[in-house]
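Below, chains carry the letters A, B, ... as their sequence lines are ordered, and counting in each starts from 1.
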Amino acid sequence: MDDQTRMLAGLGGLGGLSQADVGDPDSVRKQQSLGQPQQDIGDILQQIMAITDESLDEAQARKHALNCHRMKPALFSVLCEIKEKTVLSIRGVQEEDPPDPQIMRLDNMLLAEGVSGPEKGGGSAAAAAAAAAAGGSPNDGSIEHSDYRAKLAQIRQIYHAELEKYEQACSEFTNHVMNLLREQSRTRPISPKEIERMVAIIHRKFSSIQMQLKQSTCEAVMILRSRFLDARRKRRNFNKQATEVLNEYFYSHLSNPYPSEEAKEELAKKCGITVSQVSNWFGNKRIRYKKNIGKFQEEANLYAVKTAVDAANASAQASQANSPATPNSGGYPAPCYTPDGRL
DNA sequence: GTGAATGATTGCAT
DNA sequence: ATGCAATCATTCAC
């Protein structure tokens with residue numbers, strides 16, 4: 001009520017805006033002096049009440065006159081200001097929204113997965129990282145890799161299409177509401193700030209829809225990724241050449257088949273596999289060899305011969321008769337073979 | 001379909 | 001952290 005009083009008082013105080021000024025030519029009612037606010041209010045209230053008794057045409061005419069009045073913009077601005085100070089200020093306090101951590105998380109994830117960021121790099125980088133984490137060999141990964149990328153691109157496409165749709169709907173709706181409010185602002189006090197706030201509310205509503213989209217996109221990516229990783233878990237045998245390289249090292253270091261970190265890296269590079277795969281291979285090989293030496297005898301002899309021949313060739317080329325690097329003291333039992341290669 | 005081979009994983013010991 | 005041993009899960013040859 002205080003506000004209303006102030007508002008009406010303010011109205012009265014606005015350069016002595018009288019009923020006649022507002023457009024009632026035959027009215028005998030006059031705006032009272034500034035020194036009598038009580039009387040002013042009573043008078044104005046009476047005027048308002050009188051409107052209900054008027055005919056529709058009269059009211060229309062009065063409205064039209066009011067709209068045309070030279071003081072109308074000033075009057076509206078005052079009303080807007082009052083409205084701003086009272087109703088809007090109460091609601092407006094908590095409207096400054098801080099960045100939502102949930103949406104930030106989703107944004108970060110979509111960016112990291114290459115869904116929301118620039119087209120190239122992200123997705124394949126994530127796939128490569130996934131491949132590396134799974135320890136898959138690079139030569140067999142290409143099919144699944146491209147499959148992963150294709151699926152990710154599909155998700156990306158859907159995501160962007162939906163996002164665009166929402167953004168378009170949002171801007172259309174915002175325009176509609178803004179036009180509506182601008183239209184209404186001719187007949188009731190609506191400040192630009194109020195329109196701005198309304199737009200912010202609309203944007204918030206739409207961004208909550210966008211968050212749902214982001215959430216479901218993230219879920220889709222996670223599912224795709226877990227499927228991809230599961231697929232990577234599928235074992236692929238190493239190629240023949242890689243097995244040969246590993247066996248060569250194993251049997252030529254039978255006394256101490258424990259490659260150093262550097263040797264593992266070297267072998268991994270040669271075989272096109274990861275260091276941990278080399279470690280796995282040697283772990284498996286050692287235990288399986290130890291468990292059943294007899295079974296590996298033939299293989300051991302084969303590689304021993306190969307090593308001996310290679311060494312012989314090397315020494316022949318270097319004209320130096322150094323023996324091959326197969327010291328065998330205290331290690332795994334060596335296979336039986338003659339130095340010339342006969343079993 | 002079956003069994004052997006083989007890469008990966010897990011739990012434990014050092 | 002590394003290696004061993006057992007085991008799992010998949011591939012491959014038959």
- Task: Report yes if some heavy atom in the side chain of A:Y289 is under 4.5 Å from a heavy atom in the side chain of A:L254; otherwise report no.
- Result: yes
* Verdict with supporting geometry, A:L267 and A:V245, side chain to side chain contact (heavy atoms under 4.5 Å, CB included) -> CA-CA 7 Å; A:L267 286 166; A:V245 169; 3.7 Å; yes
Separation of B:dA5 atom P from A:N247 atom CG, nearest Å, is 14 Å
Exactly one candidate in A:Y251, A:Y249, A:Y258 meets ring pair (Phe, Tyr, Trp, His ring centres under 6.0 Å) with A:F282; the answer is A:Y249
The answer to which of A:K291 and A:P259 contacts DNA chain C further toward the 5' end, by nearest nucleotide, is A:P259
Winner on side-chain proximity to A:R288, out of C:dT7, C:dT2, C:dC4, is C:dT7
Whichever of A:S279 and A:N237 has the more 5' nearest nucleotide on DNA chain C, that residue is A:S279
To the nearest angstrom, the NZ-P distance between A:K285 and C:dC4 comes to 14 Å
When rounded to whole Å, the CD to C1' distance for the pair A:E298 and B:dA4 reads 16 Å
Rounded to whole Å, CD1 of A:I273 lies from P of B:dG7 at a distance of 8 Å
**Study point:** Any donor-acceptor N/O pair under 3.5 Å between B:dA8 base and A:N284 side chain
**Key:** yes
Rounded to whole Å, CZ of A:R286 lies from C1' of C:dC4 at a distance of 8 Å
Only distances under 3.5 Å count here; give the side-chain donor-acceptor pairs of residues 162-169 of chain A to other protein atoms, sequence neighbours excluded, each with its distance to 0.1 Å.
{"unit_1": "A:E162", "atom_1": "OE2", "unit_2": "A:K165", "atom_2": "NZ", "d": "3.1"}

